[in-house]
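What follows is a set of notes on a single structure, which appears directly below.
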Amino acid sequence: MLDRALLADLAELTLTTAKRAGATYADIRLGETRREFSFARDARLENFDERLTEGFGFRVLIDGAWGFYGAQRLDSESLRVGALRALDNARAMRSIQKQPIELEQLPAHEAEWIMPMAKDPFAVDASRKADLLLAICASARDAGADFCTASLSIAREERFFANSFGARIAQTRTRLAPSFTAVAIDRAAGRVATRDSLTPARGAGWEYLENAGLIEEASQAGAQARAKLTAKPVTPGDCDLVIDPSNLWLTIHETVGHSTELDRALGWEANFAGTSFVKPHMLNELRFGSELMTIVADRSQPGGLSTIGYDDDGAPADSAEFPIVENGVFRNFQMALGQAHLIGLPASNGCAYADSPTAFPIQRMPNISLRPNPEECSLDDLFADVENGVYVVGAGSWSIDQQRDNFQFGGQLFYEIKNGKRGELLRDVAYQGRTTQFWSALDGLGDAATYHLDGTFTCGKAEPVQLAPVSHGAPPARFRNIRVLNTSNDG
Amino acid sequence: MFLSASEAKTLAERILSRSSAHACVVRIDGGEDNSLRFARGSATTNLTASQLRLRISSHIGGRIGSVTTTRIDDDALTAAVQRSEELAAMLPIDPDYTPPLGPQTFEATNRYEAQTSGLKLDSLAAQARQAIDESARLEVEAFGCANSALRFEALATSAGLFAYEPRSEIDLSVTARNRADAWSGWAGAHDYRPARLDARNVGQRACEKAAWSAEPIDLEPGLYTVILEPEATAELALWLLGAMDARAAEEGRSYFSKPGGGTLIGENLFDPKFTIRIDPNDKLAPEGAFDHEGLPHRKRAFIEGGVARTLRRSRVWAQKTQAEPVPYGHNFIVDGGATTREEMIRSTKRGVLITRLWYTNMVEPKSLLLTGLTRDGNFLVENGRIVAPVRNMRFNQRLGALFSRLTAIGPTERTWRAAGDGAPAAPPIMVDAFNFSSRSSGI
Ligand SMILES: [Zn+2]
């Protein structure tokens, strides 16, 4: 645990420097990130690495220009120099600051937030983690896989945030990402099949892994990888899809999460992550999907990778509770500090994140989830109305254009749906779509009992690239007449 | 925080002297990065970030525990060494344990210029200004990013290895969009010598590509002749090189596995004009002196005249297979030919000129089926001329087939990469029957 009083003193030092220099705004994030990464391949632990990164990032606004300086140090001399370097950087921007940066006032909170968890994963012995990974590999191989790799990634962010509005916020959160891939090979036929784990990354303690059933899942995965080798090739063409939340989360992420980021719509990511087909004038106008489609943002779901008390601009979690799409209509962009006024709105809705103390905070996703059906509907109910379709489970190879329109997603497991019932395993499936057409084809949703929260540690955005954790919850959902490819015939 | 060779060596020795393990490996890297972004010709975000990171790997009885930290005070170093030893003692014995490398000889590389004033944020702002001025002249909007980095990497082992390499880098990339927000163009450049970066040229190339007011044409998906500019060639070649792993091939998991067993090394798999190689002394795209394991990079062809020559081989897999280890390269050269991009355009009856690719991802590693989209400068070529912008499309293309039919190959150029990601060099190539599978509205 870091010394809070020391961090608060260091923060004051930089904020005072900024004030004396005539800055209109300044903020600082300081603290440390602990990570642990372990990796096993077959019967061998290949890597076990504990990582500690400490540091600060100081941001100052002066004459309408940002200046930022960060360093992987937490001593007062580094912060003193850092504050001056940030001011120099702001001055260096003057020659290209055609449009001054303007900020809204945010409420100044003094608060502490700690993610609840039962067992600190960093306190669990390395030997237990190694044993778990080796047991996963053994389980998959006993069940039919030729090879298996397994990894565990654990992270804890401990931050102190202070700004010139008067906010002073200390926060700590912890997350885990277990992962494995079972591989089966038919050497004679030259075929390979893989099955990636479906157990999602979560904001959680070690108790999550104790109950996740990874070894049992690895056994299923080993058998399924082998079965995929001889599964029936999919017939390409348009058909109905029932998409499991273990696949749909990533489709939501790519098509809805990224397309409704205001910085993208404004062109701030045009050079790398991209812009968006969603434009500011479409607010409350664009029909994004069918009536069944309601997608909400939050920072409060238990287990959510974006669950936190305050964002990296100091905006409270309740400002990030909003609908993005309501009954098919586009309702809100995601925003960080300094963006809302550009579309005539009063303030940020709490969507800022910096992936390390030395990174500039930018707009990033809160948890973004598809609301389940208020009426009772099971997975079998969704199948019941499908004559000819495919049930898609798990996330596979994914790709989407930079305005978030044309996408292609694979998966881990695909099952035929015939005459209202789930049938045999299929192989070589990918589906293609155009975002609003796809969501307009949504005509069935599972109820709350079928809801599942999935997510990733590594959503990439910005230059230099920052990697953000984010969760997406969804029920299984049915989409009519979606283009399915057979990837062994090129598609 | 940038450390000189002697500073890095002193720090490494402070760590090794604290080790009571059977063997110890220390990796140190760090430096200072600068970056700025602009949108519609005006600054958005920027940063200076100073980094210094140590990774300590303690080897005890065939087990390796590693600790990475940014703390370098004496107490923190002692604690990190002890913790890595504690971890090693807790872990299972590695059946393929490989001891650390001893002394090596490295190529003298040339990716560093001590004169660093050109790397500061005011210099980057001046570069951005030149690109923005081009956008005003050509009446388009400019969006972009300029980065610089002054970095070093050092590796020391208790078996006597010490490796150190400094690097200075600068890059600029610009996306221009026409004022109707209905067409875009892109260009980028990267260099290890700040003064060689020509910001005006980058701005001009991006803005000229964007300065089309005609409505883009929608093409029917299908098979097309394409001219891939160097940036697109490099992206496709990187996926191919990434698949060239000995372990995956020998285990039967890869494109380079031979049906029934063994690998396709020595086989004629691609067009005879196709060569991918690495070379620490190359003028255009020099590889670094050593890889993350401390293995020296040597001049080496992975594919030569269409024949698969080498697969990268980790030290662990090399020991297990009793073969030479081959390090993984980030900087590679795709050899060029004599047909210029303009000649390719002139010889095209109907085809598509592609500036760069976006969101490429492997669909099927075994058959190297890759998907992705075109981006920022896709043009229809008819009867030897660029006639119109073409709306972007998705492709699903097997790389083996693509690199087997190079109709023409142009002069190799340096391509853009963000500082820190390596810097390949590649030629424009002309290929028949490139598979566009669907349309996209994304511009
Ligand atoms: Zn993402």
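A, B, ... follow the sequence lines: proteins, then strands. Residue 1 opens every chain.
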Any non-hydrogen side-chain atom of [X] less than 4.5 Å from a side-chain atom of [Y]?
X        : Y        : answer
A:Gln402 : B:Asn392 : yes
A:Asn406 : B:Arg439 : no
A:Asp428 : B:Glu364 : yes
A:Arg483 : B:Ser438 : yes
A:Asn271 : B:Trp186 : yes

With a 4.5 angstrom heavy-atom cut-off, is it the side chain or the backbone of [X] that approaches chain B, or both, or neither?
X        : answer
A:Glu46  : side chain
A:Ala126 : both
A:Phe272 : both
A:Ala193 : neither
A:Leu74  : neither
A:Arg404 : side chain
A:Ile185 : side chain
A:Asn47  : side chain
A:Ala462 : both
A:Ile400 : both
A:Arg73  : side chain
A:Ser78  : neither

If you tally heavy-atom pairs under 4.5 Å against chain B, which of [options] wins?
options                                : value
A:Arg91, A:Lys129, A:Arg35, A:Glu54    : A:Glu54
A:Ala273, A:Ala188, A:Ala189, A:Ala430 : A:Ala273
A:Gly267, A:Ser356, A:Ala130           : A:Gly267

Within the 3.5 Å criterion, strictly below it, is a donor on [X] or [Y] matched to an acceptor on the partner's side chain?
X        : Y        : value
A:Glu254 : B:Tyr359 : yes
B:Ser66  : A:Asp49  : no
B:Ser437 : A:Gln432 : yes
B:Asn361 : A:Ser399 : no
B:Ser440 : A:Asp401 : yes

Cut-off 4.5 Å, heavy atoms of chain A, and the answer for B:Ser257 is neither
Problem set entry | Contact class of B:Leu124 relative to chain A, heavy atoms under 4.5 angstrom |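 No part of it gets close to chain A.
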